[in-house]
There are 2 protein chains.
Amino acid sequence: MDWGTSNLRAYLLEHDNVLDDARSTQGFSSLAPDQFESALLSVIEPWLSNDEPTTVLACGMVGARQGWIEAPYQYTPHACNDNPQYIKAPVKDPRFSFHIAPGVAQKKPADVMRGEETQIKGLLHTTPDYEGAICLPGTHSKWVRIQQGSIHFFETHMTGELYKLLSEHSTLQYSLEHSDYNASSEIFIESVQLAMHDPEQISTRLFAIRAGHLLHNHSPAENNQRLSGYLIGLELVSVKSYWAAGPVTLIGNDTLSNLYSGLLASFGCVVHVADTATMTLHGLINANAKKSQGLSL
Amino acid sequence: MDWGTSNLRAYLLEHDNVLDDARSTQGFSSLAPDQFESALLSVIEPWLSNDEPTTVLACGMVGARQGWIEAPYQYTPHACNDNPQYIKAPVKDPRFSFHIAPGVAQKKPADVMRGEETQIKGLLHTTPDYEGAICLPGTHSKWVRIQQGSIHFFETHMTGELYKLLSEHSTLQYSLEHSDYNASSEIFIESVQLAMHDPEQISTRLFAIRAGHLLHNHSPAENNQRLSGYLIGLELVSVKSYWAAGPVTLIGNDTLSNLYSGLLASFGCVVHVADTATMTLHGLINANAKKSQGLSL
């Protein structure tokens with residue numbers, strides 16, 4: 001299962017086959033330590049049997065310091081094919097055992113991931129020889145360098161979180177409204193280019209969104225595209241070394257993957273796109289396969 | 001009076017003399033349009049007389065679109081000695097009239113100020129020949145170029161608001177706690193330098209505050225200095241054209257003025273420091289003097 005901040009998604013696996021799946025909105029952030037087991041049982045109970053205990057493998061924020069039990073990080077360079085050091089959470093129910101995958105950390109510059117490593121392992125499970133960059137856009141966008149099957153180094157950008165903070169909690173909230181757009185929106189592209197051209201101006205450019213609304217009646221829908229463009233442009237210029245040197249594989253939802261792939265292709269990048277849930281599932285299938293090969297859990 | 005977002009400060013003036021002053025926490029953001037007059041009366045009523053109506057001059061966010069009545073902006077270049085186009089708010093009480101000073105705006109890049117123009121006029125009232133930059137650090141830091149008594153151009157940075165958003169509403173909140181520090185704090189200065197060196201890395205550097213807490217036990221107090229340093233460094237590198245070319249006068253509170261003046265002096269700047277409340281008062285005295293000279297209100 002993938003047990004994140006606000007959701008849980010579980011799969012019933014037999015070898016490579018998904019026999020069933022289930023979801024819950026009981027993410028780790030809504031649970032106290034003594035509530036995890038019952039939240040889990042409400043999802044997987046139909047799959048359990050009294051004959052043989054079921055092994056449950058989990059990735060994601062459930063293993064964070066504020067989660068069920070902390071699963072320590074493994075450090076870069078991290079060979080994705082190595083057997084991860086699962087942490088066993090104590091459970092009362094004899095019908096299953098619960099094992100949390102470690103996140104991956106980098107000492108300098110300090111950085112962490114938890115959950116994304118399973119998506120990356122899913123990609124390498126389906127494309128074992130992949131060399132290049134992986135981008136996982138979102139709340140905390142990750143850029144990852146893959147060399148010889150290892151996570152060599154990576155960095156996290158707060159792009160999605162900054163978008164949320166600025167559009168919901170800042171002065172800009174009065175000048176913005178959600179708008180659907182795509183990677184060919186002129187205002188979005190122009191905003192990306194401006195941010196890439198002089199990224200140090202980001203803070204005054206953000207305020208200019210407010211001023212442009214007051215002085216020039218820039219519409220809230222257009223301003224939403226400006227904000228997205230400035231923040232994504234800031235990210236892209238600072239990770240140029242990742243995308244300028246070879247192929248990029250995006251693992252994300254459709255909207256973000258379309259935005260990022262359109263921009264990266266316009267810079268001359270070779271871009272592949274993979275779906276988050278599919279890559280997570282492949283990562284979990286890979287972990288399950290290792291268990292079947294008799295590696296210790 | 002200076003009537004801002006969260007406070008009101010009123011002075012009773014006779015020529016250059018302050019006969020009395022009063023405060024209230026009824027800032028404009030807590031008031032509906034029909035509540036302004038009674039909020040005002042609760043502060044100035046002791047000063048009113050039935051013999052002769054009192055003229056009340058106000059600056060600040062009370063003149064914003066969401067305030068009592070919108071006072072349109074005057075555009076740059078804005079001669080600070082010109083008589084501003086006050087907007088009269090309708091009042092029921094015959095003992096006073098209420099006049100709001102306009103803010104100053106810049107068409108391109110779009111930018112606005114409301115309240116700061118009065119502080120700037122206060123500085124030019126006390127130092128009429130001032131040429132150089134003025135910096136008003138804070139929630140929305142302003143950098144202003146003064147030439148021949150005019151606000152020539154300016155820009156706003158969301159430094160203080162970003163600090164508040166990140167320290168109170170973001171993932172970083174768990175890795176930060178308020179700490180007292182000064183411009184000679186080693187971590188603060190190092191963080192400023194890092195941000196000035198490669199400002200495009202701001203978003204990954206912010207996340208590294210969280211990661212440094214998880215991996216290296218960086219203390220929340222130190223992390224507060226890192227966050228301040230990164231955001232102030234980002235601002236300072238992007239306004240280099242303002243401070244590299246001549247003197248800078250800071251108009252701000254003691255903490256921010258000390259931080260900024262220490263840094264700017266270390267870059268070889270000539271720095272003057274002025275107090276916000278004093279400059280606002282001088283700006284209001286200046287406006288009052290013009291009224292006494294018979295200029296129309």
Side-chain angles (χ1 to χ4, degrees), chain A residues 64-66 70 73 75 103 105-114 139-143 154-159 161-162 164-166 168-172 174 195-196 198-216 218 231 233-240, chain B residues 64-66 70 73 75 103 105-114 139-143 154-159 161-162 164-166 168-172 174 195-196 198-216 218 231 233-240:
Chain A
R65 200 168 289 180
Q66 299 86 2
E70 186 174 6
Y73 294 103
Y75 281 90
Q106 178 175 272
K107 281 212 171 114
K108 200 173 173 185
D111 215 325
V112 291
M113 64 170 76
R114 203 177 270 291
T139 303
H140 295 159
S141 283
K142 309 273 181 198
W143 283 80
F154 68 99
E155 59 186 69
T156 304
H157 291 253
M158 294 182 70
T159 310
E161 185 164 7
L162 287 171
K164 191 175 160 68
L165 289 171
L166 289 161
E168 293 179 10
H169 297 285
S170 84
T171 309
L172 303 190
Y174 309 109
M196 292 183 75
D198 40 20
E200 77 281 3
Q201 299 297 333
I202 184 70
S203 166
T204 188
R205 200 159 266 146
L206 291 173
F207 188 77
I209 292 175
R210 175 72 182 144
H213 181 217
L214 291 170
L215 301 180
H216 305 315
H218 287 163
L231 294 173
L234 178 67
E235 177 184 326
L236 289 179
V237 72
S238 80
V239 295
K240 190 169 177 183
Chain B
R65 200 169 288 181
Q66 298 86 1
E70 187 176 7
Y73 294 103
Y75 281 90
Q106 178 174 272
K107 282 211 170 117
K108 201 172 172 185
D111 215 326
V112 291
M113 63 169 76
R114 200 178 273 290
T139 304
H140 295 157
S141 283
K142 309 274 182 194
W143 284 80
F154 67 99
E155 59 186 70
T156 305
H157 291 253
M158 293 183 70
T159 310
E161 184 164 6
L162 287 172
K164 191 176 159 68
L165 289 171
L166 288 162
E168 294 179 8
H169 297 285
S170 85
T171 309
L172 303 189
Y174 309 110
M196 292 183 76
D198 40 20
E200 77 282 2
Q201 299 296 334
I202 185 71
S203 167
T204 189
R205 201 160 265 145
L206 291 173
F207 188 77
I209 292 175
R210 176 71 182 144
H213 181 217
L214 291 170
L215 300 180
H216 305 314
H218 287 164
L231 293 174
L234 178 67
E235 177 184 327
L236 289 179
V237 73
S238 79
V239 296
K240 190 169 178 185

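Side chains are part of it too, since the values below use all heavy atoms of this structure and drop only hydrogens, waters and symmetry mates. First the proteins, then the strands, lettered A, B, ... as listed; each starts at 1.
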Can you tell which part of [X] gets under 4.5 Å to a heavy atom of chain A, answering side chain, backbone, both or neither?
X	answer
B:Tyr75	side chain
B:His157	both
B:Glu235	neither
B:Lys240	neither
B:Arg205	neither
B:Ser141	neither
B:His140	side chain

What pair of heavy atoms forms the shortest contact from [X] to [Y], and how long is it?
X	Y	answer
B:Leu234	A:Ser203	CD2-CB, 4.3 Å
A:Glu155	B:Gln201	OE2-OE1, 3.8 Å
B:Gly212	A:Ala110	N-CB, 3.7 Å

State the [atom1]-[atom2] distance between [X] and [Y], to the nearest 0.5 angstrom.
X	Y	atom1	atom2	answer
A:Met158	B:Ile202	CE	CD1	10.5 Å
A:Glu200	B:Met196	CD	CE	11.0 Å
B:His213	A:Arg65	NE2	CZ	6.5 Å
A:Leu166	B:Leu165	CG	CG	6.0 Å
A:Glu161	B:Phe207	CD	CZ	8.5 Å

Based on non-hydrogen pairs under 4.5 Å, which of A:Pro109, A:Ala64, A:Ser170 is most in contact with chain B?
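Ranked by heavy-atom pairs under 4.5 Å with chain B, first place is A:Ser170.
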Please identify, among A:Pro199, A:Ala195, A:Ala211, the residue contributing the most non-hydrogen atom pairs under 4.5 Å to chain B.
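Maximum pair count with chain B is reached by A:Ala211.
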Has B:Thr204 got a side-chain atom pairing as donor or acceptor with A:Thr156's backbone, closer than 3.5 angstrom?
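The answer is yes, because a donor-acceptor pair under 3.5 Å joins these two groups.
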In terms of heavy-atom pairs under 4.5 Å, which option from B:Leu214, B:Thr159, B:Val239 contacts chain A the most?
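So the answer, after comparing B:Leu214, B:Thr159, B:Val239, is B:Leu214.
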Give the member of B:Thr171, B:Leu206, B:Val237 that has the highest number of heavy-atom pairs under 4.5 Å with chain A.
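Of the options given, most contacts go to B:Thr171.
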Answer with side chain, backbone, both or neither: which region of A:His169 has an atom nearer than 4.5 Å to a non-hydrogen atom of chain B?
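When you check distances to chain B, atoms from both the backbone and side chain of A:His169 fall under 4.5 Å.
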